[in-house]
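Here is the structure we will look at.
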Protein chains: 2
Amino acid sequence: MAQQADTERRKPLNRDRVLRAAVARADQSGYEGLSMRGLAQELGVVPMALYKHVANKEQLLDGMVELVVGEIDPPAEGPDWRFAVRARVLSARRALLRHPWALRVIESRGTPTPAVLDYLDSVIGTFRRGGLSVDLTHHAMHALGSRVWGFTQELSVASPGAGGGSEGGDVDVDERALAAMAAMAERYPHIVEIATAGRAHDGASVVGGGCDDQFEFEFALDLLLDGVARLHAQGWTSERG
Amino acid sequence: MAQQADTERRKPLNRDRVLRAAVARADQSGYEGLSMRGLAQELGVVPMALYKHVANKEQLLDGMVELVVGEIDPPAEGPDWRFAVRARVLSARRALLRHPWALRVIESRGTPTPAVLDYLDSVIGTFRRGGLSVDLTHHAMHALGSRVWGFTQELSVASPGAGGGSEGGDVDVDERALAAMAAMAERYPHIVEIATAGRAHDGASVVGGGCDDQFEFEFALDLLLDGVARLHAQGWTSERG
DNA sequence: GAATGAGGTGTACGCCGTACACCTTCGTCG
DNA sequence: CGACGAAGGTGTACGGCGTACACCTCATTC
């Protein structure tokens, strides 16, 4: 109690307040307009104070992405995978339209954040529950590409042990990678299923290297061109010339 | 001639050498690794020297994009629009794979450069010559989205007079915009045709505002989901499980 | 009431892009 | 021939950035 009067002390600031302020600022000033210094000022605090709550700007961005991705609606129930995927993707779109900077941040980030992986895993799960094969689901995810964001785009999907500690180990490294892999399989079963489908190589290196980007690209391209050709053939037109 | 010996003077550096050096550097150090200072050092010159050849870093990036886009093969001849578009897009892909930084730069740039507009215009032209309606072509371009890069992505395509000069005019502004519009229609006829299709509003504001992003997004999404559903129904599998 | 540790501060470093004034070199023209 | 003007290169400096590091200030706990 005591000296509470003289201070009008601002309440102590925490990771969540920092992230929310950052999101708000990016929403209105854009990605470029977001700096640690500006953000600190807005929070009435010296720049270095932020570093008590986020390790650095990269982690700030990651945290912001987590917040945005958290706004996406949970998956729809029901047997119609087509409807469920559609609804989910459109919900993602709504979230990203609310935060226009977010897509760029998600895509520029080398390693996807957990919330992103959760989302992708769950979309994959919807395809799989709908009865699509692992194979087709894999290609479908690539084809959706940045329409569900983040799964296409060359990024070697997530080699899991990126954040580790000691440099000491030697054979340790492989063990560690395998352990990480196992943890990942538990948490993101569908992603791992898809990533490792087909070839039964050693676990670690397969994750990113296992698929043929060129094939994926042409698959998606042809899907689109086929669709367009079909519409053309049947004289399709959007009502509203 | 005279004192040529003592100097070993480097030949005088020009815009093209600067751009090529920048491309080379970005190719091997990535987008982040490209700084005016670093580039200058590589060219054996003081940073400010670069500014005699490019106005600023933005223009440097634009110039680099022009070079990369220039590597895309010219459009294929022949009556098969599907083949022609496919070939063109795959050629674009090859160019962009050679310069992995380029896609990001193209997409982050607010206003497309002329070479980009040329490319887009010519792809559109291929669809149109194949007999596709303006309407369908429009949606097809959106659906291809970043697969042909740059045409989707909310960016309000190119309001043409962005680089002008004096702030003086008043009614002048509209005239100037119309003139720019006309020039644009001459240079990029297909883009303008598509952008202004349907509604016959006043010229200027129509360019970006004239299309319904949500519709375009759902069009593309459904094209993909339809395709996937069709493949699923017929038990499709990529040979190579 | 001393110890602890979380949260906030101040200073400083090394990057960045680039404005501005200056110097050098060289082709042109009187 | 010599003066000149422009094109190209230099040097210095400014304001911004992210952030390392040492410090201070409290509230909490034993």
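As a basis for the values below, the full set of heavy atoms in this structure was taken, side chains included, without hydrogen atoms, waters or symmetry mates. Just so we're clear, the structure is a prediction, and the values are computed from it rather than from any experiment. Proteins come first, then strands; the chains are lettered A, B, ... in the order of their sequence lines, and each starts at number 1.
- Mapping Ala49(B) and Pro47(A) onto DNA chain D by nearest heavy atom places Ala49(B) closer to the 5' end of the strand.
- Taking the side chain as every heavy atom from C-beta outward, Tyr119(A) and Arg88(A) approach each other to under 4.5 Å.
- The side-chain hydrogen bond (donor to acceptor under 3.5 Å, both in side chains) test applied to His53(A) returns no partner, not counting sequence neighbours.
- With rounding to whole Å, Leu50(A) atom CG is found 13 Å from dC17(D) atom P.
- Between the CE atom of Met48(B) and the P atom of dC23(C) there is a distance of 17 Å, given to the nearest Å.
- The interatomic distance linking Leu39(A) (CG) with dG16(D) (C1') rounds to 16 Å, in whole Å.
- With a 4.5 Å cut-off on side-chain heavy atoms, Leu19(B) and Val23(B) do not count as touching.
- For the pair Leu13(B) CG and dA7(D) C1', the interatomic distance rounds to 12 Å; values are reported in whole Å.
- Residues satisfying the salt bridge (Lys or Arg N to Asp or Glu O under 4.0 Å) criterion with Arg15(A), sequence neighbours excluded, are absent altogether.
- Taking Arg37(A) as the reference, Ser35(A), Pro47(A) meet the side chain to side chain contact (heavy atoms under 4.5 Å, CB included) condition, with sequence neighbours excluded.
- When heavy atoms are screened at a 4.0 angstrom cut-off, Met36(A) is found touching the sugar-phosphate backbone but no base atom.
- When the side-chain hydrogen bond (donor to acceptor under 3.5 Å, both in side chains) test is applied to Glu42(B), the partners found at least two apart in sequence or on another chain are Arg25(B).
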Under 3.5 Å, side-chain donor or acceptor atoms of residues 60-68 of chain A against the rest of the protein: list the pairs with distances, not counting sequence neighbours.
{"from": "Asp62(A)", "atom 1": "OD1", "to": "Arg109(A)", "atom 2": "NE", "distance (Å)": "2.7"}
{"from": "Glu66(A)", "atom 1": "OE1", "to": "Ala115(A)", "atom 2": "N", "distance (Å)": "3.2"}
{"from": "Glu66(A)", "atom 1": "OE2", "to": "Thr113(A)", "atom 2": "OG1", "distance (Å)": "2.2"}
{"from": "Glu66(A)", "atom 1": "OE2", "to": "Ala115(A)", "atom 2": "N", "distance (Å)": "3.2"}

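- In terms of the salt bridge (Lys or Arg N to Asp or Glu O under 4.0 Å) criterion, residue partners of Asp16(B) (sequence neighbours excluded) are, by chain and number, Arg20(B).
- The distance between atom CZ of Arg37(A) and atom P of dG10(C), rounded to the nearest whole Å, is 14 Å.
- Here Arg98(A) pairs with Glu71(A) under the salt bridge (Lys or Arg N to Asp or Glu O under 4.0 Å) rule; sequence neighbours left out.
- For the contact set between residues 18-27 of chain B and DNA chain D, defined by any heavy atom under 4.0 Å, there are no members.
- Going from atom CG of Leu43(A) over to atom P of dT9(C) covers 11 Å, rounded to whole Å.
- Sorted by residue number, the members of residues 51-67 of chain B with any non-hydrogen atom under 4.0 Å from DNA chain C read Tyr51(B), Asn56(B), Lys57(B).
- For Ser91(B), the side-chain hydrogen bond (donor to acceptor under 3.5 Å, both in side chains) partners at least two apart in sequence or on another chain are Asp73(B).
- Partners of Arg86(B) according to the side-chain hydrogen bond (donor to acceptor under 3.5 Å, both in side chains) rule, which considers only residues two or more places apart in sequence or in another chain, are Glu218(A), Asp222(A).
- Rounded to 10°, the angle separating the first-five-pair axis and the last-five-pair axis of the helix from dG1(C)-dC30(D) to dG30(C)-dC1(D) equals 20°.
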